[in-house]
Protein chains: 2
Amino acid sequence: MIKKISIGDIATALNISKSTISFIINGKAKEKRISSALTEKVLQYVDENGYKPSRLAQSLSTGKTMIIGLMVEKISDYFFAQMAYHIEEIAYQNGYKIFYCSTDNDPDKTRELIQLFRDRNVDGYIITPPAGMEKEIQSLIDEGSPVVLFDRYYPDIESSYVILDNFQASYNASKYLADNAFAHIAFITLESDQSQMEDRKQGYAKAMAEHGLEVIIEKIPYGNDPAQTVKQLVRFLRQNKRVDAVYFATNYLAFSGVKAINQLGYKIPGTMAIIAFDDHQVFDFYEPTITAVAQPISELARQSIRVLLSMLNKPLEERAVQKVIVPAHFIVRNSTVRLL
Amino acid sequence: MIKKISIGDIATALNISKSTISFIINGKAKEKRISSALTEKVLQYVDENGYKPSRLAQSLSTGKTMIIGLMVEKISDYFFAQMAYHIEEIAYQNGYKIFYCSTDNDPDKTRELIQLFRDRNVDGYIITPPAGMEKEIQSLIDEGSPVVLFDRYYPDIESSYVILDNFQASYNASKYLADNAFAHIAFITLESDQSQMEDRKQGYAKAMAEHGLEVIIEKIPYGNDPAQTVKQLVRFLRQNKRVDAVYFATNYLAFSGVKAINQLGYKIPGTMAIIAFDDHQVFDFYEPTITAVAQPISELARQSIRVLLSMLNKPLEERAVQKVIVPAHFIVRNSTVRLL
DNA sequence: TAATTAAACAAAACCAGTTTAGCAAAATGA
DNA sequence: TCATTTTGCTAAACTGGTTTTGTTTAATTA
């Protein structure tokens with residue numbers, strides 16, 4: 001059980017003051033006119049004894065923890081996990097550590113987590129906010145904490161955010177189906193009032209309107225058990241026999257959808273074309289491969305952390321609200337092939 | 001920008017000493033003989049002004065951060081993400097926060113991360129260790145830090161750990177294939193000297209030996225690109241035409257394997273039976289559904305955090321090394337059906 | 001009634017740093 | 001040669017808590 005050595009220990013050992021050591025360690029030796037002889041001596045001692053300043057004490061006195069709080073919807077979700085992964089990497093390069101956690105889209109849990117981050121004195125926040133957190137987010141901003149919303153945003157709050165161009169991406173995907181002569185295109189989405197889900201719906205609706213096609217929307221309760229979802233979709237497809245293409249608003253809805261379609265004995269492609277919003281590894285190896293709207297994850301991550309870092313590096317007054325909208329990729333695979 | 005109120009501010013406001021306030025807040029009012037009148041007054045003030053002690057200051061003076069460092073191989077991996085999720089939940093219930101990160105199985109990165117956790121003064125560690133970290137882990141233990149290894153362990157180190165019974169689970173899966181009259185059972189694994197991979201190989205080998213079957217092992221380089229893996233497996237299966245069952249040592253190897261098998265035009269089941277070690281959501285919805293060895297994730301998580309908490313709650317001398325081995329579940333699905 | 005004990009709180013040390021203000025000695029300038 | 005500036009460093013205050021030790025007053029006890 002080796003006790004860690006403190007700045008005070010060094011001061012005693014070398015018979016100099018703590019402040020001198022602090023200056024030297026923080027590279028302010030010249031600025032503070034410490035002789036190079038003493039500077040050398042201290043640095044050597046530090047090196048030999050493996051001294052590392054206590055981050056706790058540093059944080060307490062500087063008020064900075066060099067920690068960024070990252071709140072995603074669900075860290076076990078591929079999309080969010082990848083986001084976290086990329087954000088973390090860039091954060092590290094800038095000396096920041098990431099504290100991350102899942103909101104599960106639960107307002108109460110989110111409130112607790114925000115409080116927790118606040119308690120832990122994180123320097124900044126990147127948040128995928130559940131619906132209805134406007135007040136909490138606003139109060140974070142009011143406190144002077146740098147906040148970047150991500151994946152979704154609140155139209156009524158003047159905050160920085162980084163989101164996908166959900167509307168355009170969804171419009172493109174829907175239009176693709178319509179252009180390929182699918183005539184009854186259903187949109188399967190969640191019962192959710194999150195901004196990104198609303199945008200996806202609007203994109204779909206616009207494409208349908210432009211092509212004079214019927215709007216067919218089925219909503220799945222949020223947080224539904226996959227088996228339940230399959231049942232609901234089987235029922236839906238039975239009652240809507242004319243549907244020849246299904247566009248799913250999330251990738252896991254597509255998973256359940258594929259299962260439902262298989263259960264009904266429909267063929268993809270052939271009887272039914274499908275598109276999923278938000279690409280997934282599996283879409284590329286499943287038979288048939290599944291056409292998807294892909295979110296450029298690393299780009300979204302890069303933008304999010306870039307915006308946050310730019311806020312962290314500026315004093316409160318100079319911080320500008322930054323709103324970033326990133327375009328999606330549309331990946332055409334076999335599930336939307338028109339069989340003649 | 002509301003400035004946070006400190007214990008000193010309260011002391012000044014109520015004209016009493018900091019220590020009195022500290023005692024009251026920490027529920028030691030009676031023990032420290034603070035009058036109930038004053039106790040009331042302080043608690044009310046605290047409540048009205050929303051005072052929360054600074055965790056930083058608390059940590060600095062108590063030496064405890066109430067943070068657990070959780071290092072997994074890859075947080076975007078379903079298995080680890082779920083583990084993290086469950087561990088986090090129980091940790092929270094016990095007042096602990098989780099700091100988590102991915103090692104990517106990279107020894108250098110892991111070293112850095114351990115250093116980082118150390119710097120951040122985490123109270124305890126749950127680690128999925130890459131091969132060759134014995135020295136670092138040992139030095140953590142020597143420092144008196146509670147450490148629980150998880151998913152794999154070092155035979156040469158006296159540390160607590162929680163692992164799956166890889167040997168038995170792998171033996172059972174292999175035996176299942178042999179019992180069902182598959183005659184040429186290949187084992188696809190990673191070039192890795194991690195304990196869990198070795199155990200899986202041994203389990204397979206034992207079952208083959210007992211049934212007098214040939215041991216056919218193909219090793220994929222660790223961290224291989226999926227496309228590369230598919231190529232290698234196609235080559236392997238071409239050269240081993242008699243193989244009628246493939247047992248994959250990880251779920252992502254199975255993904256590539258399925259793709260390779262499809263490319264060769266083999267049918268699952270029929271031409272080829274497959275089993276994957278480590279279940280995956282997709283195995284249940286893929287056609288055919290895929291037989292798998294399932295790790296009881298929540299049980300593994302529960303055990304890991306339980307062991308760590310029991311160490312955290314005991315003084316150094318009373319801490320016992322705990323070694324937990326959890327049995328796996330074998331989930332039979334369609335990929336191992338014998339077609340007559 | 002004096003000595004002892006208990007009650008109720010305060011003071012101060014401590015955790016491990018950062019930062020501001022300041023001081024003595026040496027160097028420079030008039 | 002004396003005032004001024006520069007050099008090189010230190011002391012002390014501060015961050016916001018916890019914990020040990022001290023002190024005063026009131027209540028018991030002998």
Side-chain angles (χ1 to χ4, degrees), chain A residues 2-43 45-46 49-67 95 118-123, chain B residues 2-43 45-46 49-67 95 118-123:
Chain A
I2 314 106
K3 227 198 26 228
K4 274 184 192 162
I5 147 177
S6 80
I7 199 171
D9 297 334
I10 304 182
T12 309
L14 298 184
N15 199 29
I16 56 179
S17 88
K18 293 197 297 174
S19 34
T20 306
I21 301 168
S22 178
F23 292 142
I24 293 174
I25 285 172
N26 292 312
K28 297 181 185 167
K30 264 130 281 173
E31 181 189 335
K32 293 292 176 178
R33 304 189 291 271
I34 311 292
S35 69
S36 54
L38 186 53
T39 302
E40 257 324 298
K41 188 171 160 193
V42 168
L43 287 179
Y45 189 94
V46 162
N49 297 73
Y51 167 72
K52 284 229 169 188
S54 151
R55 281 220 160 269
L56 279 173
Q58 278 183 327
S59 295
L60 183 60
S61 60
T62 60
K64 301 211 161 297
T65 53
M66 300 303 281
I67 294 176
R118 223 196 220 119
D119 288 356
R120 296 288 178 180
N121 297 80
V122 304
D123 289 345
Chain B
I2 314 107
K3 225 193 32 222
K4 275 183 190 162
I5 148 177
S6 80
I7 199 171
D9 297 334
I10 304 182
T12 309
L14 298 184
N15 198 29
I16 57 180
S17 89
K18 292 197 298 174
S19 39
T20 306
I21 300 169
S22 178
F23 291 141
I24 292 173
I25 286 173
N26 292 313
K28 296 182 185 166
K30 265 130 279 174
E31 182 189 334
K32 295 289 175 178
R33 303 189 291 272
I34 311 292
S35 68
S36 54
L38 186 54
T39 301
E40 255 326 297
K41 188 172 162 192
V42 169
L43 286 179
Y45 189 94
V46 163
N49 298 72
Y51 166 73
K52 283 231 171 188
S54 151
R55 281 221 160 270
L56 277 173
Q58 278 184 326
S59 296
L60 184 59
S61 62
T62 60
K64 301 210 160 299
T65 53
M66 300 304 280
I67 294 177
R118 223 196 218 119
D119 289 356
R120 296 287 179 180
N121 297 81
V122 304
D123 289 345

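Naming convention: chains lettered A, B, ... in sequence-line order (proteins, then strands); numbering from 1 in each chain. In this text the structure is predicted, and so the values were computed from the model without any measurement.
- For the pair A/Lys32 and A/Phe23, the distance from NZ or CZ to the six-membered ring centre is under 6.0 Å and the angle to the ring normal is within 45 degrees.
- The phosphate of C/dA16 (OP1 or OP2) has no side-chain N or O of A/Gln58 nearer than 4.0 angstrom.
- In this structure, of C/dC15, D/dT15, D/dG17, it is C/dC15 that holds the atom nearest to the side chain of B/Leu60.
- Nucleic acid contact for B/Asn15: sugar-phosphate only, since backbone atoms but no base atoms lie under 4.0 Å from a heavy atom of the residue.
- Across the protein-nucleic acid pair, B/Lys18 atom NZ and D/dT15 atom P stand 9 Å apart, rounded to whole Å.
- Not one side-chain nitrogen or oxygen of B/Thr62 sits closer than 4.0 Å to the OP1 or OP2 atom of D/dT18.
- B/Ile21 places its CD1 atom 10 Å from the P atom of D/dT18, with the value rounded to the nearest Å.
- Neither side chain, A/Thr39 nor A/Ser36, offers a donor N or O lying under 3.5 Å from an acceptor on the other.
- Atom-to-atom distance recorded for B/Asp9:CG and B/Lys18:NZ is 10.5 Å, nearest 0.5 angstrom.
- Here the C1' atom of nucleotide C/dC9 and the CD1 atom of B/Ile16 are 9 Å apart, to the nearest Å.
- Judged by distance alone, the side chains of A/Asp123 and A/Thr65 do bring a donor and an acceptor atom under 3.5 Å apart.
- Among the protein residues, A/Lys28 comes within range of the sugar-phosphate backbone only, with heavy atoms under 4.0 Å from sugar or phosphate atoms but none that close to a base.
- Taking for each of A/Ser17 and B/Ala57 the nucleotide of DNA chain D with the nearest heavy atom, the 5'-most of the two is the partner of A/Ser17.
- B/Ser6 comes within 4.0 angstrom of sugar-phosphate atoms only, judged by non-hydrogen atoms across all strands, and of no base.
- The side chain of B/Ser19 lies closest to C/dA12, out of D/dT18, C/dA12, C/dG17.
- Donor-acceptor pairing under 3.5 Å, judged by distance alone, is absent between the side chain of B/Ser35 and the base of C/dA7.
- In this structure, A/Ile7 places its CD1 atom 12 Å from C1' of C/dT19, rounding to the nearest Å.
- A/Lys52 comes within 4.0 angstrom of the backbone, heavy atoms only, and of no base.
- The side chain of B/Ser61 lies closest to D/dG16 when the candidates are D/dG16, C/dT18, C/dT20.
- Contact annotation for A/Thr20: base contact, defined as any heavy-atom pair under 4.0 Å involving a base atom.
- You'll find that the side chain of B/Phe23 is closest to D/dT19, out of C/dT19, D/dT19, D/dG17.
- Of the N and O atoms on the side chains of A/Ser22 and A/Ser19, not one donor lies less than 3.5 Å from an acceptor on the other residue.
- Going from atom CZ of A/Arg55 over to atom C1' of D/dG16 covers 19 Å, rounded to whole Å.
- Counting only distance, with no hydrogens or angles, the side chain of A/Ser61 and the backbone of A/Ala57 share a donor-acceptor pair below 3.5 Å.
- The residue among A/Tyr51 and B/Ile34 whose nearest nucleotide of DNA chain C lies closer to the 5′ end is B/Ile34.
- Distance, A/Lys41 NZ to D/dG8 P: 15 Å, rounded to whole Å.
- C/dA16 atom P lies 17 Å from atom CZ of B/Arg120, rounded to whole Å.
- Residue-level contact check: B/Ser54 touches the backbone only, with heavy atoms under 4.0 Å from sugar-phosphate atoms and none from bases.
- Across all strands, B/Leu56 comes closer than 4.0 Å to no nucleic acid atom at all (heavy-atom distances).
- When rounded to the nearest whole Å, the span between CZ of A/Arg33 and C1' of C/dA24 equals 13 Å.
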